[in-house]
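Only one structure is covered here, and it is reproduced in the block below.
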Amino acid sequence: TCLLEESHVPQDMATVPPNAFAWENRLYVIQFEPPPTPTQTPFARGVHLTFGCASDAGLVRADTPDEDSVFAAVFTAIYESVAQPTLGLFIVADGIGGAEAGHIASKAGVQTVVAQLMQNVIAPVLAGETPSDEAVRDAIQTAIQAANEKVYEIAQATHPEMGTTMTLALVINDSAYV
């Protein structure tokens, strides 16, 4: 037995089935038969990624450059009505250092990681290769290390107090690496 909840009670209660009741402005329907079991796997037609991104410096720093950098890209090829492969790369980097150029650090970090992962993971997957989980994790770690080295190099040359945080998610078919 399942209890299904509707967000509102209809104006005409005569249209409500006999196995339903209203309580606190919500309509509940008792379903005696369990819902049917899906006959397909959850991602039978491939994973379809939807995303949005934005950045806002906020009210306190409205007159200074936003130190955040965001990268979001989805790569999908559809063959015989099935998405193969589905790839998504999503990165958020929050520059630190204020006047010490955190925005430069976040941008350099994101650009370095994107370049590394495009070359070492995304392009090969789009070409039909299937990397192991360990290979993907190693590629991410190598890309993050390369970004760290790039930001450190820039900091030593120009802005010693700059830096960035970074969070990323790489989606390959039905696996996500964070």
Side-chain angles (χ1 to χ4, degrees), residues 7 40-178:
S7 60
Q40 298 179 346
T41 60
F43 302 115
R45 296 214 178 260
V47 176
H48 299 279
L49 300 172
T50 303
F51 68 93
C53 56
S55 183
D56 186 346
L59 296 175
V60 175
R61 295 187 181 107
D63 59 340
T64 61
D66 191 354
E67 294 188 341
D68 301 341
S69 291
V70 175
F71 179 88
V74 172
F75 307 88
T76 301
I78 299 175
Y79 305 111
E80 299 174 359
S81 299
V82 178
Q84 303 175 357
T86 296
L87 295 165
L89 179 58
F90 309 96
I91 305 172
V92 175
D94 186 358
I96 54 176
E100 291 293 329
H103 61 288
I104 295 171
S106 68
K107 180 179 178 181
V110 167
Q111 288 175 332
T112 302
V113 169
V114 168
Q116 292 266 325
L117 292 178
M118 286 294 290
Q119 178 180 346
N120 298 323
V121 178
I122 294 171
V125 170
L126 289 172
E129 294 181 22
T130 306
S132 68
D133 285 340
E134 184 178 346
V136 173
R137 285 192 298 268
D138 289 347
I140 293 170
Q141 185 175 11
T142 299
I144 295 289
Q145 185 60 43
N148 186 53
E149 291 169 7
K150 181 67 173 179
V151 169
Y152 182 78
E153 175 185 308
I154 295 169
Q156 294 306 304
T158 60
H159 304 284
E161 297 299 318
M162 77 174 199
T164 188
T165 64
M166 185 174 292
T167 303
L168 76 78
L170 174 61
V171 177
I172 302 176
N173 295 321
D174 59 354
S175 296
Y177 304 87
V178 180

Locate the shortest heavy-atom distance separating [X] from [Y]; write the atom from each residue and the value.
X    : Y    : answer
A139 : L117 : O-CD2, 3.7 Å
M118 : P124 : O-CD, 4.1 Å
A72  : F51  : CB-CE1, 3.3 Å
L49  : V74  : CB-CG2, 4.0 Å
V113 : A147 : CG2-CB, 3.6 Å
A108 : I154 : CB-CD1, 3.6 Å

Task: T164 (side chain) donor-acceptor with D94 (main chain) under 3.5 angstrom - done: yes
- [ ] Applying side-chain contact (heavy atoms from CB on, under 4.5 Å) between M166 and each of I144, N148, V151, V92, report the one that passes.
- [x] I144
Can you tell me how far [atom2] of [Y] sits from [atom1] of [X], rounded to the nearest 0.5 angstrom?
X    : Y    : atom1 : atom2 : result
L170 : R137 : CG    : CZ    : 12.0 Å
D138 : S132 : CG    : OG    : 7.5 Å
L126 : F75  : CG    : CZ    : 6.5 Å

- [ ] Name all pairs fulfilling the side-chain hydrogen bond (donor to acceptor under 3.5 Å, both in side chains) condition that reach into residues 105-119, sequence neighbours left out, sorted by first residue then second.
- [x] S69-S106
Open item on the list: Walk me through whether I104 and T158 qualify under side-chain contact (heavy atoms from CB on, under 4.5 Å).
Closed with: CA-CA 10 Å; I104 295 171; T158 60; 5.9 Å; no
With a 4.5 Å heavy-atom cut-off, do [X] and [Y] have their side chains touching?
X   : Y    : value
V70 : F90  : no
F71 : L168 : no
L89 : V121 : no

TODO: Return the set of residues passing side chain to side chain contact (heavy atoms under 4.5 Å, CB included) with Q156 (not counting sequence neighbours), or none when no residue passes.
DONE: Y152
